[in-house]
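Heads up: the structure comes next, in C-alpha cells.
None of these values were measured; they are calculated from a predicted model. Positions are given from 1, in the same order as the sequence printed here.
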Amino acid sequence: MRFILTFAFLAFATISFAQDAVVPPFYRGMEKTVAQVAADRVLVERALLEHDGDAEAAGQSWANMGWAAIGAGDAETAVRRFNQASLIDATNHGLAYGLMIATHIRGDDFAVVDGLYAEALAAMPEADQHFAHIDYAQILMQRGDLAHAVEVLNPYKDKPAAAELLRHLNQIQQGAGQ
C-alpha cells in the first residue's frame, strides 16, 4: 500500500511539475507526451473552427494573446501563447520577435534571446526590422551591454524611439549614446 501511495504522489508531482515547467520557445528540445500532442491537435482544430479555417487569423489571435500577456508582465504565459500561435500558423513572421521579448522578460539565458533576435530579423520584412532592432537595443541596455546597444541603434538614430534610447544611454553613461 505504501508503494502505491508513493507512486501516486510521484505521478501527481511529475504531472504538476510538467505543467509548471518553463516552456522553451517554439517547444524546442521539449519531448511532448501523447496527451500533449493530442491537446495541441485539439487547440489547432478549435482555433481554426473559431476563425472559419483561416490559419493566419487564428494564429494572429493567439499571437495577440501573447502580446497581451507581455503587457500584463506574464512572460511565461506569453511564451506559451506564442508557441501555440506557431502550432496554428508557423508562417507568422512576428512570433520569434514576440518570443525574443518574452524570454528576455522571463530571464532566459542571453543566448536564447539573442538567437530569437536573429530569427526575428530573418523572418521579418526589412521595413519592420527597425522595431526588432530598437527592442533588442533595450534588452541589451537592461542587460548592461551599452556599447552593443549603441551599435544596434546607430543606424536608426533618426527614428524617435531610437533617438530617445540614445539620449537615455548618454544619461546612463556620459558619451555612450553619441
Side-chain angles (χ1 to χ4, degrees), residues 7-143 152 156 161:
F7 179 76
F9 173 77
L10 289 174
F12 177 78
T14 302
I15 290 168
S16 179
F17 175 77
Q19 290 174 341
D20 294 336
V22 174
V23 177
F26 296 115
Y27 300 111
R28 291 184 181 137
M30 183 177 164
E31 290 189 39
K32 291 187 176 187
T33 65
V34 172
Q36 288 170 323
V37 171
D40 289 348
R41 200 172 314 114
V42 169
L43 170 85
V44 171
E45 288 171 5
R46 188 184 88 206
L48 292 174
L49 185 63
E50 289 175 5
H51 292 85
D52 299 321
D54 185 345
E56 186 177 335
Q60 189 57 50
S61 179
W62 259 256
N64 290 344
M65 287 186 245
W67 287 110
I70 285 173
D74 186 353
E76 187 60 34
T77 296
V79 170
R80 291 175 189 276
R81 295 304 164 258
F82 288 122
N83 281 350
Q84 290 168 333
S86 75
L87 294 174
I88 299 164
D89 177 22
T91 66
N92 184 326
H93 67 265
L95 297 178
Y97 176 44
L99 282 165
M100 172 191 77
I101 294 169
T103 55
H104 164 68
I105 294 168
R106 185 170 73 177
D108 286 26
D109 288 338
F110 184 68
V112 172
V113 176
D114 191 52
L116 289 165
Y117 168 64
E119 283 183 61
L121 292 179
M124 295 175 88
E126 193 171 330
D128 294 338
Q129 289 182 2
H130 70 279
F131 295 115
H133 290 304
I134 291 169
D135 285 336
Y136 182 68
Q138 287 181 323
I139 289 168
L140 291 168
M141 288 172 58
Q142 290 171 6
R143 292 187 179 231
V152 171
Y156 303 97

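- Partner Leu116 forms a side chain to side chain contact (heavy atoms under 4.5 Å, CB included) with one of Asp114, Val112, Val113 and no other, that one being Val112.
- Salt bridge absent: Glu45 and Arg41 never bring a charged side-chain N and a carboxylate O closer than 4.0 Å.
- In this structure, Arg81 and Ser86 have side chains that are not in contact, with every pair of non-hydrogen atoms separated by 4.5 Å or more.
- Of the listed residues (Arg80, Gln36, Gln84), just one forms a side chain to side chain contact (heavy atoms under 4.5 Å, CB included) with Tyr27, and that residue is Gln84.
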Test side chain to side chain contact (heavy atoms under 4.5 Å, CB included) on Leu48 and Asp54 and set out the steps. CA-CA 6 Å; Leu48 292 174; Asp54 185 345; over 6 Å; no
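- Rounding to the nearest 0.5 angstrom, the gap separating the CZ atom in Arg143 from the CD atom in Gln138 is 13.5 Å.
- Judged by distance alone, with hydrogens and angles left aside, the side-chain atoms of Asn83 form a donor-acceptor pair with the main-chain N or O of Pro24 at under 3.5 Å.
- One finds the CG atom of Leu95 at 13.0 Å from the CE atom of Met100 (value rounded to the nearest 0.5 Å).
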What verdict does the side chain to side chain contact (heavy atoms under 4.5 Å, CB included) test give for Leu49 and Arg46, after you've listed the backbone C-alpha separation in whole Å, the side-chain angles of each residue and the deciding distance to 0.1 Å? CA-CA 5 Å; Leu49 185 63; Arg46 188 184 88 206; 5.6 Å; no
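- Formation of a donor-acceptor pair under 3.5 Å by the Asn92 side chain with backbone atoms of Gly94 is found in this model.
- In this structure, Trp67 has its ring center under 6.0 Å from that of Phe82.
- Judged by distance alone, the side chain of Gln129 and the main-chain N or O of Leu121 form a donor-acceptor pair under 3.5 Å.
- Here Met141 contributes atom CE and Tyr136 contributes atom OH; the two are 14.0 Å apart, rounded to the nearest 0.5 Å.
- The main-chain N or O of Leu99 is found under 3.5 Å from a side-chain atom of Thr103 such that the two form a donor-acceptor pair.
- In this structure, Glu56 places its CD atom where only 12 or fewer heavy-atom neighbours from other residues, nucleotides or ligands lie under 6.0 Å away.
- Asp89 and Gln60 form no side-chain donor-acceptor contact under 3.5 Å, judged by distance and modelled atom types alone.
- A donor-acceptor contact closer than 3.5 angstrom links the side chains of Gln142 and His104.
- The salt bridge (charged side-chain N to carboxylate O under 4.0 Å, His left out) check on Asp74 picks up nothing, with sequence neighbours excluded.
- Within the model, atoms CD1 of Ile88 and CD of Glu50 stand 9.0 Å from one another, a figure rounded to the nearest 0.5 Å.
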Does the side-chain hydrogen bond (donor to acceptor under 3.5 Å, both in side chains) test come out yes or no for His133 and Tyr117, once each step is laid out? CA-CA 8 Å; His133 290 304; Tyr117 168 64; 2.6 Å; yes
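- Across all non-hydrogen atoms, the minimal contact from Ala78 to Ala69 is N-CB, 3.5 Å.
- Side-chain contact between Glu119 and Phe26 is present, with heavy atoms from C-beta onward closer than 4.5 Å.
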